[in-house]
Enquirer: 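Just dropping this structure here.
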Number of protein chains: 2
Amino acid sequence: MDTTQRTDQQRSADRRRRELLEAADRVVLRDGPGASMNAIAAEAGITKPILYRHFGDKGGLYAALATRHTDALLDSLRAALDAPAERRERVEATLDTYLSAIEARPQVYRFLMHPAEGTPGDQGFDVGKHSAPLLRRMGEELAQVIGERLDLGPDSRQLARVWGHGIVGMMHAAGDWWLGERPCSRAELVGSLADLLWGRLAAAGDKVGGPGF
Amino acid sequence: MDTTQRTDQQRSADRRRRELLEAADRVVLRDGPGASMNAIAAEAGITKPILYRHFGDKGGLYAALATRHTDALLDSLRAALDAPAERRERVEATLDTYLSAIEARPQVYRFLMHPAEGTPGDQGFDVGKHSAPLLRRMGEELAQVIGERLDLGPDSRQLARVWGHGIVGMMHAAGDWWLGERPCSRAELVGSLADLLWGRLAAAGDKVGGPGF
DNA sequence: ACGTGCGTGTTACTTACGGTAACATCGAGT
DNA sequence: ACTCGATGTTACCGTAAGTAACACGCACGT
């Protein structure tokens, strides 16, 4: 039958694709985002053109790779976000989940945040499209949760999106800096960020001697 | 005299360096961060090896370029941050200054945020060093202002640094998203972000029907 | 006046990588 | 036996980073 034949072939192709992705994963995690297609092909035991047949170009391969990791991380975050607990606890759990993930696998994290490394067909600026897909997806996801659950008055949807992307950016930048310098424990970082979101910046008193920030 | 001779030469070299940087600036702003060294050299009316003599490698040139723009932006931000006004107004002015800058010159912004594009000597992950220098510098700068002016109790310095990087990341991610989708006016974005920093997330009521975020 | 440096500039090359064309092989269905 | 399609190969192209090696010009000490 035509359909079963197609299914077999497709299944085989999918399996192969997964194998190639796993090989690519190993190489990228070992050599960084600048890993060459030759290196990836060698790790998979094949040569370049096969990679290109499966993924089109380097961007395609990297997009497939990023999607896998991004999906996994987003699943964890969703779980933390949906846990049955008070709002503050859930915010802290989500922050901690994200920070644990980047702490446990910094290479994956770096790859996801800087996927556009060796793509020379980069002309035309396209500002707005260049941000790491992970950040955008996390932002939209959080925006949806906020919009669904919080009563923010009129403009609720727009406010939720601004906050979603803003909070994700806060988490990302603070996490990036923390991962590099390790100035405090993860728990302290989580607490400090939650405090920031809880308005301690506005509530803090000026220091003696001048107008506060 | 030896010293005056050296000074003359150095002065001439510095002038040349500035000219080359300006040419590089034009090309990078026109062609994006993927601009080739050949193109930059051609714009400057010379050939590649001279660029390499002045800047070592592409990374050196880009670092010099980024420093120029970063310094300029940081000066603007410092001015907004130091303006004589209430805290909320100053926060809004700073956000607006940043957003105006990235809105006015998106190419510069993209270049500053994604400077590591064609640097194959990228091996070894060095997580923590990879973030855009602009973000780090803005974060440290803001941390310093916060630490100087706000009374945050014990751990003041550390809290200030977390917040500095966190707020900068919030501004960056929200700005990046906003620049791509333009979902609202700049003033609305500024207001929404300031509201977030002012604790409206914690204060918001749950939507009817379930526990809030 | 004459070499001696030294900064400025060039051409021509190497190396590495993304991407592609053309050819070889093997297994399944007619 | 023959075709078709997927899998695989070698060999190549274009481009871009980075590097000799060589050439000019100009101030200097003698």
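Lettering follows sequence order; numbering is per chain, from 1.
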Enquirer: Is it true that the NZ or CZ of B/R161 lies under 6.0 Å from the centre of B/W163's six-membered ring and within 45 degrees of the ring axis?
Expert: no
Enquirer: Check whether any side-chain nitrogen or oxygen of B/R16 sits under 4.0 Å from OP1 or OP2 of C/dG9, and answer yes or no.
Expert: yes
Enquirer: Can you measure A/L51 atom CG to C/dC17 atom P for me and round it to whole angstrom units?
Expert: 14 Å
Enquirer: If you check the A/P49 side chain, which of D/dA17, C/dT10, D/dT9 turns out closest?
Expert: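 Within the option list, the nearest is D/dT9.
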Enquirer: Provide, to the nearest angstrom, the distance between the CZ atom belonging to B/R15 and the P atom belonging to C/dT8.
Expert: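 Taking atom P of C/dT8 as the reference, CZ of B/R15 is at 11 Å.
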Enquirer: Round to the nearest Å and state the distance from A/Y62 atom OH to C/dG19 atom P.
Expert: 11 Å
Enquirer: Where the side chain of A/T47 is defined as all heavy atoms beyond and including C-beta, which of D/dT9, C/dG9, C/dC17 is the nearest nucleotide?
Expert: D/dT9
Enquirer: With a 6.0 Å cut-off on the ring centroids, do B/F111 and B/Y62 count as close?
Expert: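 Between B/Y62 and B/F111, which both carry aromatic rings, the centre distance is below 6.0 Å.
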Enquirer: Please state how far atom CG in B/L61 lies from atom P in D/dG18, giving the value in whole angstrom units.
Expert: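 Rounding to the nearest Å, CG of B/L61 and P of D/dG18 are 10 Å apart.
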Enquirer: Would you check if B/D176 and A/R136 make a side-chain contact, meaning some heavy-atom pair closer than 4.5 Å?
Expert: yes
Enquirer: Indicate yes or no: at least one non-hydrogen side-chain atom of B/I146 is less than 4.5 angstrom from one of B/L152.
Expert: yes
Enquirer: Taking C-beta and beyond as the side chain, do A/L135 and B/W177 meet within less than 4.5 Å on heavy atoms?
Expert: no
Enquirer: Measure from the side-chain heavy atoms of B/Y52 and tell me the nearest of C/dT11, D/dG8, D/dG18.
Expert: D/dG18
Enquirer: Does B/A35 reach a base, just sugar-phosphate, or nothing at all? Heavy atoms under 4.0 Å.
Expert: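 Answer is sugar-phosphate: B/A35 comes under 4.0 Å of backbone atoms only.
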Enquirer: Please pick, from D/dA17, C/dG9, C/dC17, the nucleotide with the shortest atom-to-atom distance to any side-chain atom of A/S36.
Expert: C/dC17
Enquirer: Using whole Å, report how far CG of A/D57 lies from C1' of C/dC17.
Expert: 14 Å
Enquirer: Both A/R53 and A/N38 contact DNA chain C. Which one's nearest nucleotide lies toward the 5' end?
Expert: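 Residue closer to the 5' terminus by nearest nucleotide: A/N38.
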Enquirer: Rounding to a whole Å, what distance do you find between A/I50:CD1 and C/dT20:P?
Expert: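 Checked: the CD1 to P distance equals 15 Å.
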Enquirer: Regarding C/dG18, can its base be found pairing with the side chain of A/K48 as donor and acceptor, where the two atoms are less than 3.5 Å apart?
Expert: yes
Enquirer: Tell me which nucleotide among D/dA17, C/dT10, C/dA21 gets nearest to the side chain of B/I46.
Expert: C/dT10
Enquirer: Measure the distance from CE on B/M37 to P on C/dT15 and round it to the nearest whole Å.
Expert: 20 Å
Enquirer: Rounded to whole angstroms, how far apart are NE2 on A/H54 and P on D/dA6?
Expert: 10 Å
